[in-house]
Amino acid sequence: MNSIPSFDLSKQYKLIGDEIRAAASEVLASGQYIGGSTVQTFEQQFAAYTGTTECIACNSGTDALFLALRSLQIGAGDEVITTPFTFVATAEVISAVGAKPVFVDTDLHTYNLDLNQVEAAITDRTKAIIPVHLFGQPVDMTRLMSIAQAHQLWVIEDCAQATGATWAGQRVGSIGHIGCFSFYPTKNLGACGDGGAITTNDAAIADQLRILRDHGQKQRYLYEAIGVNSRLDAVQAAILLVKLHYLDRWNTQRQAIAGRYHELLQSLSGIMIPQETEGGQSVWNQYTIRVLPPEAGSTIEEPHNCRDRVRQQLQQQQVGTMVYYPKPLHLQPIYAELGDRAGQLRISEQLSQEVLSLPMFPELEASQQEQVVYALKDSLG
Ligand SMILES: *Cc1c(COP(=O)(O)O)cnc(C)c1O
């Protein structure tokens, strides 16, 4: 039996390595490493791909979110609503601009922000909502936008895990006021290093973003705002242009893999498979199941012990898995002062004890999936 990693970038490189090397070589020979036509072409093509008029490339998904908040002048005294069940960057940037993250609990079946609870969290300090299309699955953007419109709030989509996903036929990143993308290597569209992008249909916001990512200058050496240095370099842009052509194919492969997991796992007791929201098309950055705690009274095992035991047994059978995320953000040391103590966002806390992400990457073979499922059945007993 061969080992199955939770993610394997080497297979993709084997398939398209020649193209990537050729594209990178061309940039290396050109001497134009920062800015220039390759970065511009990527911005144009990525805007076209997401269905927006503007794309501003930057250094990372984290910077994309940070710059988005700055461009809307969100800062001290403001509140931003988001989920505690996400990668730290989503909330970290809210704090970094001086605003306060307000965490709203998640939905047990989709793992996304529970839209039933958003309105109750809105105050007169609330300026924006950051929905996260977690694991590739889009949030119900129709409903979220109508809540935001009713309260005149900005919506910044965290699309880091969902490049190519659609809601009601529209790509994520084109529905809210601003979309933020990460090209971290394991995302659906991954660079060979760091990278990010911001999309919008608002030309004035786009202007602000371009100024902020370049030291706050519109005109060279005239600084109008305190900006940052956040660029996508030309080598990464060239690599991303190659990969952008494959993105839809890879996402379709991920969808087929998810479909196969659904089929193989749906009748298995002791776990729950992820549920899709009707109207959304996930691009399955992760396939994340819940390992359910044992029936009450049948054993004294704690739920997280149950998930962790299954994970360990899978590891012994050479199946790699990941836990995204083992501790929700409201319980992290950095947010101790917010006073959201254990028990307040119960679904997120429950998910952090139960979730287990199975191997998922476009090149994962059917026989490998069967091996994963076989090992999982075995470890569930
Ligand atoms: C990866 C990720 C980010 C940050 O992206 P980087 O490019 O690593 O800075 C932000 N939000 C979510 C949900 C992510 O998964």
Side-chain angles (χ1 to χ4, degrees), residues 61-62 65 79-95 99-123 126 128-141 143-144 147 155-162 165 172 180 271-277 280 282 284-293 302-308 310-311 321-358:
T62 305
L65 290 160
E79 294 179 356
V80 179
I81 291 171
T82 193
T83 165
F85 195 61
T86 177
F87 181 59
V88 67
T90 315
E92 186 184 37
V93 294
I94 299 171
S95 306
K100 179 184 160 189
V102 174
F103 294 116
V104 166
D105 211 359
T106 41
D107 175 80
L108 186 59
H109 305 289
T110 63
Y111 318 142
N112 276 332
L113 201 58
D114 183 352
L115 298 186
N116 293 321
Q117 298 189 45
V118 168
E119 284 200 284
I122 296 172
T123 71
T126 310
I129 306 173
I130 305 185
V132 179
H133 306 299
L134 198 72
F135 304 148
Q137 152 126 268
V139 168
D140 178 343
M141 289 303 292
R143 186 153 169 223
L144 184 71
I147 296 170
V155 173
I156 301 169
E157 296 178 70
D158 183 339
C159 307
Q161 301 181 7
V172 299
C180 296
I271 63 153
M272 284 293 280
I273 61 173
Q275 227 176 66
E276 294 179 73
T277 312
S282 176
W284 300 101
N285 183 250
Q286 300 295 334
Y287 188 89
T288 303
I289 61 167
R290 286 165 51 214
V291 179
L292 302 179
E302 288 292 318
H304 66 280
N305 290 340
C306 185
R307 188 266 319 276
D308 293 347
V310 168
R311 186 171 187 218
T321 57
M322 297 296 277
V323 172
Y324 301 116
Y325 295 92
K327 199 191 226 342
L329 297 182
H330 67 289
L331 302 183
Q332 295 287 348
I334 49 169
Y335 291 125
E337 88 277 4
L338 290 182
D340 288 329
R341 274 180 277 279
Q344 290 197 345
L345 301 166
R346 297 183 60 166
I347 301 298
S348 304
E349 290 163 32
Q350 183 183 343
L351 286 172
S352 69
Q353 311 266 290
E354 295 180 352
V355 286
L356 188 67
S357 297
L358 302 181

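Only this structure's heavy atoms are used, side chains among them; waters, hydrogens and symmetry mates stay out. All residue numbers in this chain count up from 1 along the given sequence.
Between the side chain of Asp105 and the backbone N or O of Arg346, at least one donor-acceptor pair lies under 3.5 Å. Side-chain N or O atoms of Ser282 include one that pairs as donor or acceptor with a backbone N or O of Gly136 at under 3.5 Å.
When all heavy atoms of Cys180 and Ile156 are compared, the closest pair comes out as SG-CG2, 3.7 Å. In plain terms, the two heavy atoms of Glu349 and Gly343 that are nearest each other are OE1-N, 2.7 Å. Residues Ile271 and Val291 come closest through the heavy atom pair CG2-CA, 4.4 Å.
For the residue pair Tyr335 / Ser95, a side-chain donor-acceptor distance below 3.5 Å is found, with atom types taken as modelled. Between the side chains of Thr123 and Glu79, at least one donor N or O lies within less than 3.5 Å of an accepting N or O.
With sequence neighbours excluded, the residues that form a side chain to side chain donor-acceptor pair (under 3.5 Å) with Tyr287 are His262. Under the salt bridge (charged side-chain N to carboxylate O under 4.0 Å, His left out) criterion, Arg290 pairs with Glu354, sequence neighbours left out.
Between Ile147 and Glu119 there is a side-chain heavy-atom pair separated by less than 4.5 Å. Contact annotation: the side chain of Leu329 approaches that of Thr86 to within less than 4.5 Å [non-hydrogen atoms, C-beta and beyond].
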I would like to know whether Val172 and Met141 meet side-chain contact (heavy atoms from CB on, under 4.5 Å); could you show each step before the answer?
CA-CA 9 Å; Val172 299; Met141 289 303 292; 5.5 Å; no
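Relative ring orientation between Phe135 and Phe85 is described as perpendicular, the plane-to-plane angle rising above 60° on a 0-90° scale split at 30° and 60°.
In this structure, OG1 on Thr321 lies 4.5 Å from CG on Leu356, to the nearest 0.5 angstrom.
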